[in-house]
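Basis for what follows: all heavy atoms, side chains included, without hydrogens, waters or symmetry-related copies.
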Amino acid sequence: METEEAVLALAALSQSTRLEAFRALVRHEPDGLAAGDLARLLEVPQNTLSAHLSILTRARLVTSERRSRSIVYRANLGEFRGVAVFLLRDCCGGRPEVCEPIVETLQACCKPRRKERSRA
């Protein structure tokens with residue numbers, strides 16, 4: 001990832017409605033949310049949300065797809081991963097112990113859920 005791409009993504013996330021929209025879309029992965037559902041969830045007018053989603057889309061943090069009469073938005077987790085890696089790539093400066101607490105925090109919050117065993 002280039003610096004300009006990272007700046008564009010970070011700028012897009014630097015506004016509270018856009019940040020909450022992105023976080024809501026992350027929570028609704030992999031299905032995404034229709035624009036109207038997202039507007040209701042965030043309690044913002046649809047035209048306002050549309051402008052915010054355009055900014056997130058230009059920053060490549062959000063993708064959209066038409067499904068019937070709705071436009072469904074999804075978080076582009078690959079692009080977000082690229083931003084996070086861009087920010088953290090050089091944080092260690094050759095000293096992995098500097099980044100270790102960040103990695104441990106991410107691993108703790110993102111552990112896969114255990115599958116329930118079916119009882120026969």
[atom1]-[atom2] distance between [X] and [Y], expressed to the nearest 0.5 angstrom:
| X | Y | atom1 | atom2 | value |
| --- | --- | --- | --- | --- |
| L25 | L56 | CG | CG | 8.0 Å |
| L42 | E20 | CG | CD | 7.0 Å |
| S50 | L38 | OG | CG | 11.0 Å |
| L49 | R18 | CG | CZ | 11.0 Å |
| R23 | S16 | CZ | OG | 11.5 Å |
| L13 | I55 | CG | CD1 | 11.0 Å |

Any Lys/Arg nitrogen of R67 or E65 sitting under 4.0 Å from an Asp/Glu carboxylate oxygen of the other?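 Yes, charged N to carboxylate O under 4.0 Å.
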
Taking all non-hydrogen atoms of both residues, which atom of A59 and which atom of A9 are closest, and how far apart?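 Between these two residues, the closest heavy atoms are CB-CA, 3.9 Å.
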
Would you say that F80 contacts V26 through its side chain, given a criterion of any heavy-atom pair below 4.5 Å between the two side chains?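 When only atoms from C-beta onward are counted, V26 and F80 do not touch, as no gap falls below 4.5 Å.
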
Counting heavy atoms not belonging to E43, are there more than 12 under 6.0 Å from its CD?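 Counting neighbours around CD of E43, 12 or fewer heavy atoms of other residues, nucleotides or ligands fall under 6.0 Å, so no.
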
E4 and L8: side chain to side chain contact (heavy atoms under 4.5 Å, CB included), yes or no, with the steps? CA-CA 6 Å; E4 289 180 28; L8 186 62; over 6 Å; no

Is [Y] reachable from [X] through a run of hydrophobic residues whose side-chain heavy atoms are each under 4.5 Å from the next?
| X | Y | answer |
| --- | --- | --- |
| L19 | V83 | no |
| L41 | I71 | yes |
| V44 | L61 | yes |
| F22 | L10 | no |

Please report the C-alpha distance between L33 and Y73 in whole Å, then the side-chain angles of each, then the deciding distance to 0.1 Å, and finally whether the side chain to side chain contact (heavy atoms under 4.5 Å, CB included) criterion is met. CA-CA 5 Å; L33 281 171; Y73 289 88; 5.9 Å; no

Worked verdict on T48 versus T17 for side chain to side chain contact (heavy atoms under 4.5 Å, CB included): CA-CA 9 Å; T48 300; T17 302; 5.5 Å; no

Quick one: does [X]'s side chain have a donor or acceptor within less than 3.5 Å of a partner on [Y]'s backbone?
| X | Y | answer |
| --- | --- | --- |
| E2 | E5 | no |
| T57 | L53 | yes |
| N76 | R60 | yes |
| T105 | P101 | yes |
| R74 | E29 | no |

I'd like to check the side-chain contact (heavy atoms from CB on, under 4.5 Å) partners of R69; sequence neighbours left out, ordered by chain and number.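 Partners of R69 under the side-chain contact (heavy atoms from CB on, under 4.5 Å) test: none.
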
